[in-house]
Each structure stands twice: as C-alpha cells, then as structure tokens.
Amino acid sequence: MKKLFAILGLALLVLLPFFITSPYYLHLLITIAIFSIVVLGLDIVFGYTGEVSIGHSALFGIGAYTAGTLLFQFGIGFWPSLIAGPLVAAMFGALLALPALQVTGPYLAMVTLAFGTIVQILINEMDWLTNGPLGIKLNTPNFFDWRDYSSFLPFFDMSAKRMKEMQYYYVVAFFLIATIVVINRILASHLGRAFEALRDSPIASDCMGVSVYKHKVIAFVTSAAFAGLAGVLFAYSEQYIAPNNFAFDLSIQFLLAVTMGGRKSRLGPILGAAIVVFLPNLLADINLFRIIAALIAAVAVVAGIFVAIKQPENRRSIIVPVALCLAFFVFSLFLQKITDYKLTVFGLMILFVVYYLPDGIVGFLKQIVTQINPALVKGHAVIDAKGDDAHAWTKVAPATLTADGSLLDGRGILMQFGGLKALDTVDLKIKPGTIHGLIGPNGSGKSTMMNVLTGIYVPTGGEVTFDGRAMAGLKSPEIAARGIARTFQNVQLFDELTLIENVLVGLHHTYHATFFDVAASLPRARREEQAARIRAASILSFVGLDKLANEEARNLPYGKMRLLEIGRALALDPKLLLLDEPAAGLTAPDIKDLVGIIRKIRDHGITVILIEHHMDVVMSICDTVTVLDFGHKIAEGKPAEVQANPRVIEAYLGGSAVAA
Amino acid sequence: MDILAQLVVSGITVGMIYAVIAFGYQLTFATSETLNFGQGEALMVGALVGLTTINFLIGLNLGTLSAYLLMLPVIMAFGLLQGSIVEFLGVRKAIAIKSEAGWIMATIAIGIIIKNLAENIWGRDALKFPSPLAEASLQIGPVRIQPMEIAIVVGALLLMLAVELFNRRSIYGKAVVATANDRDAAGLMGINTKSVITFSYALSSMAAAFAGVLVAPITLTGASMGAVLGLKAFAVAIIGGLSSGIGLIVGGLILGITENLTGYYISSGYKDVPGLVLLLLVLSLKPSGLFGKATIKKV
C-alpha cells in the first residue's frame with residue numbers, strides 16, 4: 001500500500017511539469033518543493049521530538065545567504081553551495097540547540113525566535129559580507145560542462161548553459177526525493193526510535209542510555225541542515241535574495257505547514273507546504289477568497305450535521321468550530337480590501353488549526369479511514385524477527401571490584417530536599433552476583449536511593465564507586481552506559497512504541513552506525529539493526545512477551561508492563577540491575593514467574609538491587625537485605641537476621657519493640 | 001567618561017522597560033508554565049489605546065500630565081481585559097490538552113492578529129505620544145536625563161512592587177502563589193486554578209500595557225513597536241531566570257546597558273546582537289538564569 005503511494009507520488013513529481021504550461025505555476029511548483037524540504041526537516045523537531053522552533057526561516061535564510069555570499073564574494077557556484085549551505089546552517093543550528101535544549105520548557109522556542117529576528121537584522125547590517133538590504137542576484141546554475149559528450153548524446157544538451165526552469169525543477173525534485181528517503185531511513189532507525197522514546201518518557205530514555213539532550217540536538221541540527229539545503233535551492237530558484245525574504249512570518253508559515261498538513265508523516269508536510277505557498281495567491285483575490293471561505297463553511301456544516309447525527313454526545317463540542325467557519329465566511333463577505341487583513345486571516349487559520357485540526361489534514365483523513373477500515377492505517381512497522389534463548393544474553397564483562405570486593409560502594413550518601421534529609425549519610429555496599437534487597441516503610445528513602453544511583457538526583461553529599469570508578473558528576477545516560485539499568489516504581493514505558501521497539505531502545509548502545517551510515521543505508525547499519533532485532537525478540541521471549549511483540553506498550557495489562565520494563569533494562573547489558581517494586585500490582589502466579597525471572601537474571605551474572613514490599617519475595621530470593629527508615633540505614637544482613645531485628649520490627653509496626 | 005555615564009543612564013531606562021515586560025512573562029510562567037509570545041503586541045496595543053485615550057482627554061482641555069494620569073487606569077483595565085482574552089482564546093485549551101506547541105502557536109497567532117488590526121486602525125506610521133513631563137533634559141552631574149526617563153524607572157519599580165505586594169499580602173495573591181507552587185494541590189484545596197491562570201495573564205498584559213505608555217513618550221508609538229521589545233524581554237527573562245524577581249531587574253539592566261555600549265562603541269546596527277549572545281551564554285553556563293533556582297524533578 002505504502003509502496004503504491006510512493007510510486008504514484010514519484011510519477012506525479014516527474015510528470016507534473018508536463019501539464020503546467022505557465023512559467024508562473026512552474027515556479028510555484030518549485031517553491032512548493034523547496035518549502036517541502038524545510039517543512040519535512042522541521043517535522044523531525046516539531047513532530048517527533050515535540051520541540052518548537054520559530055527560527056527555521058533564519059536557518060533557511062542562512063542557507064540561501066551561504067549560496068549568495070559564496071557567489072557574490074568568491075564566485076563559487078551552485079554545486080559547492082549545496083554542500084556548504086547545509087553545513088553552515090547545521091553549525092548555526094548546533095549553536096542554538098546546544099545551550100537551549102539543556103533545559104526543558106519553551107526555551108528553544110524563545111531562543112529560536114530571538115535568533116530569527118536577529119539574523120535578519122544582521123544580514124541587513126553586515127553589508128560587507130551580504131550586500132545588506134540591496135540583496136544578491138544569482139542566476140540559475142550551470143550544468144557541468146559536458147560539451148564533448150553532447151555530440152553523441154544530443155538528448156542531454158548540458159553544454160555550459162544555464163539551466164532552464166524546467167531542468168531546475170528536476171534538480172529540486174531530486175533533492176526533495178532524497179530528503180524524503182533520508183528522513184524515512186533516519187526515522188526507521190535507532191535514531192528515530194530514540195526521538196519517539198524521549199517524547200514518551202524522557203526519564204526512561206535517559207536511564208536507557210539514550211540521552212534526551214543529545215538526541216534532541218541531533219534532531220535539531222539535522223533539521224537545520226535540511227533548512228540550509230532548501231535555502232540554497234531557494235536562492236538559485238528566486239535568483240535574487242534580500243533580507244526580508246526571511247522574516248519572522250516565514251517561520252510561522254513553516255510551523256503552520258507542519259501542523260496543518262499533519263505531523264509525523266511525509267505527505268503532511270508536503271501538503272502543508274503547498275497550502276502555505278498558495279496562500280498569498282488565495283489571499284490576493286477577494287472573490288476567490290470568498291468562494292473558498294464558502295466552501296470551508298459548507299464542508300464544516302455538512303461535517304457538523306454528520307457528527308451531530310452519528311455521535312450526539314459530541315454535539316456540543318462541534319458547535320464552536322462550525323460557528324467559527326460560518327463566521328469566517330461572513331467576515332469574508334464584509335471584507336473590502338483583503339490585502340490589509342491578510343495577516344489576520346493568517347492568524348485565524350493558525351488558531352483554527354491548532355485547536356480543531358491538531359493532527360493536521362493527514363491525521364484527520366487517517367482518523368476517517370480508521371473508522372471505515374482500521375486495517376488500512378498501519379501504525380507501526382511489524383518486526384517479525386524470531387528470537388531464541390541463545391541470543392537473549394551476552395557475556396557480562398568482568399567487573400572491577402573495590403578492595404573489600406564490592407561492585408558498588410556508596411559512602412555517606414546524603415540527599416537533601418530543602419530541610420528534609422531523604423537519605424542521611426547512608427553507606428551501601430553491593431556484592432557482585434547477589435540479589436540485594438532494599439526495604440523499608442513508605443518514605444524511608446528507597447526510591448531516592450535508586451534515583452541517586454541512576455543520576456536522576458545529584459546527591460548533596462557522599463560518593464559512589466561502581467565497577468572501580470567514581471560516579472560523581474555523571475548524568476543518567478552516562479551511568480546507564482557504565483552498566484546500571486533500572487525499572488521504575490511508576491512504570492515508565494515508551495507508551496506509543498511497540499513492545500519490541502521498547503526493547504530496541506534499550507539496545508541503543510549496541511548501534512555504532514553513524515547518522516550517515518543510516519542515511520545511506522550502509523550494510524553496517526542494516527547488519528546492526530538485524531542483530532538488534534533478533535536480540536530484542538530473544539529478550540521478549542525470555543520475559544514471556546514474545547507473542548505481543550508488535551503490540552503498543554500502552555495496551556498491555558499492568559503486570560506485563562513491569563515485565564517489559566525488566567526486559568528493556570536487560571537490553572542494556574547491565575552489570576547491575578535496579579528493580580523498583582517489580583511485584584507491585586502483580587497477581588500471585590505472576591509473582592511466581594517474576595521470582596523465577598529475577599533468579600535467572602542473577603544466574604547470568606547480573607547483580608540485582610531489589611526494592612520490594614512483598615516480604616515473601618524479598619525473604620526468598622535476596623542474599624542480603626538493607627533496611628532504611630527515615631533516610632537512615634537501620635539494619636543490614638541476611639534476610640532471616642534482618643527479619644528478627646527489633647529495630648526493623650519497630651520501623652514497620654511502630655511501638656517500642658526496642659529497648660532504649 | 002561622561003559619555004559612558006550617559007550611556008549607562010539611558011541603558012538603565014531601557015533595561016527597566018525590558019524588566020517590566022519580562023515580569024509579565026514571569027507572572028504567567030509561574031502559574032501555568034506558559035507565556036505569551038505576543039507580549040510585545042500587548043505592549044504595543046496598550047500604548048496605542050493609551051495614545052487615543054490621552055488625545056481624547058487633552059481634547060477635553062485637560063493638561064497633558066493630568067490627562068496622562070487619568071489615562072493610566074484606562075489602559076491598565078484595557079490590559080487586564082486583553083490578557084484575559086489571550087488566555088481564554090490561546091492558552092486555556094492548550095493547557096487542557098497539555099500541548100506546548102499549542103499555546104506557543106496560538107499566542108503568536110493572536111499577536112499577529114492584534115498587530116494586523118492595529119495597523120488597520122492606527123496606520124503603519126510611527127506616531128508621537130504627548131509627554132506628560134517637560135521634555136527638556138535635566139543636567140545631573142555629567143549626564144543629561146529626561147524627566148520621563150526618571151518616571152520610567154520609578155514607574156516600573158512601583159508597578160512590580162505593587163504586584164508583588166498584592167501577591168504576598170492579599171488572599172487572591174496567595175491563590176496565585178499557591179497555584180504557582182503546585183497547580184494540582186492548589187486545585188484540590190478549592191482554588192479555581194483556571195481563573196488564577198486567567199488572572200495571571202490579565203496581570204501580565206496589564207504590565208505590558210503599562211510599560212507601553214511608559215516608554216511611548218520617549219520613543220514613538222506604532223504598530224511595529226512591540227515585536228523587538230517582546231524579544232528583548234525574552235532574553236531578560238532567561239538571563240535573570242524565569243523564577244526570580246531580582247533577576248529580572250538585574251537582567252534588564254545588564255541587557256539595556258550592554259546594548260547601549262555596543263551601539264555606541266561598535267555600531268548602532270549591532271545593537272540587538274548582545275541580547276542573543278547573552279541569552280546563549282547564560283543558557284550554556286547557568287541554564288536556570290543568573291538568579292534562578294534549579295528545580296529538582298521528582299520521579
């Protein structure tokens with residue numbers, strides 16, 4: 001089905017110019033293709049990682065001005081610019097993304113907005129480089145000089161001439177296709193999975209060694225490079241660039257194009273780009289505008305009546321959008337001079353799309369198709385790799401122990417929240433190859449300990465040595481890379497990924513393919529993906545979830561979610577596995593399976609720290625148990641000793657079991 | 001040396017305006033972790049409504065100063081109204097569906113619409129705003145300073161102080177603070193957090209409108225006056241920290257003075273560059289801002 005669409009799209013792209021006779025419309029078509037490249041790139045940031053960039057017009061402008069200044073100052077033409085433009089734009093992208101993405105919140109939006117405005121001012125001011133407000137003139141590029149060959153290949157008349165508009169169209173179309181192919185490959189790779197995972201659960205991402213920060217930066221820089229590429233194509237298509245080609249409005253148009261067309265798809269951004277390019281034409285002619293407004297109103301009324309009959313419970317929620325569409329039509333009748341109110345119409349469109357078409361046109365169509373026949377809309381690529389027991393495990397690398405033979409040695413760990421000491425100078429030694437229980441009443445600091453050990457909290461004091469190295473100052477992804485994996489008390493799965501994709505995110509560390517390997521689909525990248533899939537399938541069958549491999553994680557029952565979390569953590573090939581209440585919410589038979597799984601994990605040489613409230617589980621499988629109460633360690637030893645310790649009994653049951 | 005002092009003094013004036021706008025960002029960010037990307041337009045439309053009002057009052061044979069003072073409550077009320085509308089149309093639903101892109105795009109869209117309407121109502125040209133105080137500069141030591149510049153600094157400080165006092169002392173203010181600390185808990189305690197957020201937007205636009213009429217007499221007013229001011233205030237909010245009141249004032253002063261110095265010693269064309277450079281610098285070195293507290297996310 002997808003292949004059919006791709007072939008149809010390709011044929012359309014190739015044949016379209018033959019049906020267009022007017023050079024004006026051919027130029028519009030080229031512009032649509034160029035904008036599509038920007039918007040497809042923007043979708044990686046906006047659709048997949050969920051960050052908002054209001055600076056893409058500036059990155060686009062930087063690409064265009066790289067081409068312009070190379071030609072204007074150094075006489076370097078089109079083909080070298082195609083490499084320089086994306087590079088320069090990517091560098092500026094990194095300059096913005098590296099500081100702005102360190103913090104969560106609307107910072108990237110704020111920084112890119114400021115950047116967009118200031119780049120425009122700078123292009124204007126730096127006239128020694130950019131020729132300032134006068135702009136730069138360019139010609140369509142030369143083909144390579146193939147004069148010698150044209151005698152027997154007259155069909156390719158490419159003798160050092162300037163390209164005709166039609167020929168340039170095919171150059172742009174080629175880059176559009178290349179963009180789509182590269183983006184498809186990236187998104188289907190481990191990088192694409194990382195983009196989706198970090199959106200579903202940033203914390204789990206970090207703890208699986210998939211740094212949220214790093215991957216957001218990769219996404220933004222990639223997106224900037226595409227904007228730069230499009231900028232070069234734009235400069236040679238317009239043949240004249242000036243600073244106000246790249247104003248703030250353009251960034252908003254790109255964002256509108258992604259949202260309106262539909263995020264997280266290839267068709268959506270292209271559709272959106274087409275609408276945005278046609279918009280000025282639409283808004284130039286009052287009569288055309290009125291007709292379109294009337295059409296929109298008619299469609300809204302029909303859709304409204306349809307919904308009102310089919311789903312009476314939603315009646316109220318559709319009154320507002322339908323009324324707005326009607327009001328919009330009435331507004332169009334009263335307008336005298338549309339050009340004055342162009343931006344108002346534009347703003348209203350954004351508001352409408354944001355609220356009533358949040359998934360864009362493509363998303364809306366998908367919804368309708370799903371209602372008719374759910375089988376037609378495929379959410380995830382089905383991964384049917386078969387796993388086996390042999391592939392589930394890799395050999396655990398020998399660990400470096402401390403002088404007294406501990407794998408992990410925490411000394412005087414202090415975690416203070418304001419005046420509250422959640423952990424008060426706790427020592428914790430974990431022997432390799434053991435299951436170490438961590439128990440204590442609610443609020444005793446067990447989960448805080450987990451969060452300190454995995455770098456989610458930075459401890460106020462104390463130090464931790466793991467595998468022979470100090471862990472001070474390490475962030476969660478680095479700690480994960482050193483071999484500490486974890487599960488979460490409040491399950492943190494990548495809800496919208498399938499089970500096998502969840503495990504594949506855990507296997508992220510096994511990929512060594514670079515961005516370019518993936519983009520070019522080199523054998524190395526394919527080999528790694530194949531190996532990881534078999535491994536993931538094997539891990540799933542170990543935790544008993546192989547039958548559900550292609551189900552979305554959010555559809556799992558609670559108990560199975562916990563098993564999937566364990567599987568995902570195992571994918572990290574950890575030396576130490578932290579399990580935070582794995583038995584919570586599990587039924588008795590499930591708990592039995594869980595105990596078996598934990599034992600097997602230990603038998604494969606992985607050390608386990610287990611936080612658990614089910615005492616029978618703790619007592620039956622733990623080699624050592626540490627008891628925390630109000631941030632203090634009150635007991636430690638073999639399960640039976642701890643069970644008999646009066647201070648432990650007091651902590652759990654209260655009273656004064658212990659003599660003062 | 002005299003020139004330096006002069007540059008610093010006028011930098012302080014500009015910086016205080018930035019601080020008031022950034023103060024508006026802070027108010028809404030505290031209650032809802034959202035902010036109005038159309039804040040610059042809120043300032044602009046406040047100034048233009050102020051212009052129409054003051055001209056009307058002067059037409060009634062009032063003196064410029066008394067007309068100006070009478071106009072202040074009008075534009076503050078207008079700002080409150082305008083902010084509530086922005087929240088109602090642009091932010092409320094986006095918060096409900098937890099869409100960051102939603103409120104960012106919606107507030108930008110409203111800003112675009114406001115600017116476009118203002119262009120159609122007041123025209124595209126810059127307009128002169130009558131100055132309530134004498135326009136002749138005073139000579140204080142080595143620097144010449146306009147009375148209105150002093151009024152800007154005093155007015156800006158007074159406004160921020162008044163809002164802070166209101167937040168700390170009154171019961172309504174406590175609802176705002178409670179919502180800022182923990183929206184869910186505040187909701188469970190019976191505080192209508194939705195209206196608190198609306199109110200914070202109203203206050204935010206009120207601050208912007210006030211800043212608009214403060215700055216208008218020494219610059220010109222017009223539909224395009226807001227955008228750059230709004231951006232500079234972004235920089236100030238991030239430099240000072242989105243959670244710190246002192247940070248805003250210090251951030252505003254740093255930016256205002258650096259800009260003036262850059263404009264004089266390098267080139268007036270590059271005046272807007274330090275804003276971005278400082279912004280990126282602070283984000284790289286201390287992401288929570290110079291005076292901001294790093295928050296600990298709980299799992």
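Proteins get letters first, then strands, A, B, ... in listed order; numbering begins at 1 in each. All heavy atoms count here, side chains included; hydrogens, waters and symmetry mates do not.
For B/Ile246, the CD1 atom sits in a loose shell: 12 or fewer heavy atoms of surrounding residues, nucleotides or ligands are nearer than 6.0 Å. Atom OH of B/Tyr264 is surrounded by 12 or fewer heavy atoms from other residues, nucleotides or ligands within 6.0 Å. Summarising the local packing, CZ of B/Phe88 is surrounded by 12 or fewer heavy atoms from other residues, nucleotides or ligands at distances under 6.0 Å.
For chain A, the nearby parts of B/Leu276 are the backbone and the side chain; heavy atoms of each come within less than 4.5 Å. For a residue to count as touching a neighbouring chain, one of its non-hydrogen atoms must lie under 4.5 Å from one of that chain's; by this rule B/Leu280 touches chain A with backbone and side chain alike. Heavy atoms closer than 4.5 Å to chain B are found in the side chain of A/Thr259, but not in its backbone. In this structure, no portion of B/Leu285 lies under 4.5 Å from any heavy atom of chain A. Both the backbone and the side chain of A/Leu255 come within contact range of chain B, judged by heavy atoms closer than 4.5 Å. Heavy atoms closer than 4.5 Å to chain A are found nowhere in B/Ala227, neither backbone nor side chain. For A/Met126, the parts sitting under 4.5 Å from any heavy atom of chain B are the backbone and the side chain alike.
Test A/Ile54, A/Ile350, A/Leu113 against B/Ile108 for side-chain contact (heavy atoms from CB on, under 4.5 Å) and you get one pass: A/Ile54.
Side-chain contact between B/Leu35 and A/Met110: present, with at least one pair of heavy atoms (C-beta onward) separated by less than 4.5 Å. Under the 4.5 Å side-chain criterion, counting only non-hydrogen atoms from C-beta, A/Val111 is not in contact with B/Phe234. Within the 4.5 Å cutoff, side-chain heavy atoms of A/Leu351 are placed close to those of B/Ile113. Within the 4.5 Å cutoff, no side-chain heavy atoms of A/Tyr341 are placed close to those of B/Glu119. Considering only heavy atoms from C-beta on, A/Pro106 comes within 4.5 Å of B/Phe29 through its side chain. Side-chain atoms of A/Gln102 and B/Leu283, non-hydrogen and from C-beta on, never get closer than 4.5 Å to each other. With contacts defined as side-chain heavy-atom distances shorter than 4.5 Å, the pair B/Lys93/A/Tyr356 qualifies. In this structure the side chain of A/Val52 never reaches within 4.5 angstrom of the side chain of B/Phe37, judged on heavy atoms.
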CA sep, side-chain torsions, deciding dist, call: B/Trp103, A/Val354, side chain to side chain contact (heavy atoms under 4.5 Å, CB included)
CA-CA 9 Å; B/Trp103 62 260; A/Val354 164; over 6 Å; no
Starting from the C-alpha separation in whole Å, work towards a yes-or-no answer on side chain to side chain contact (heavy atoms under 4.5 Å, CB included) for B/Leu279 and A/Tyr107.
CA-CA 10 Å; B/Leu279 175 70; A/Tyr107 288 92; over 6 Å; no
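Between the CE atom in A/Met349 and the CD1 atom in B/Ile112 there is a gap of 11.5 Å [rounded to 0.5 Å]. With rounding to the nearest 0.5 Å, the separation of CD1 in A/Ile252 from CE in B/Met105 is 7.0 Å.
Nearest heavy atom pair, residue A/Gly347 against residue B/Ala109, reads O-CB, 3.5 Å.
No other option in B/Lys232, B/Glu33, B/Glu100, B/Lys115 has as many heavy-atom pairs under 4.5 Å with chain A as B/Glu100. Top candidate by heavy-atom pairs under 4.5 Å with chain A, chosen from B/Val228, B/Leu89, B/Ile104, B/Leu231, is B/Leu231. Between chain B and the residues A/Gly105, A/Pro358, A/Ser447, the largest count of heavy-atom pairs under 4.5 Å involves A/Gly105.
Judged by distance alone, the side chain of A/Tyr355 and the main-chain N or O of B/Gly90 form a donor-acceptor pair under 3.5 Å.
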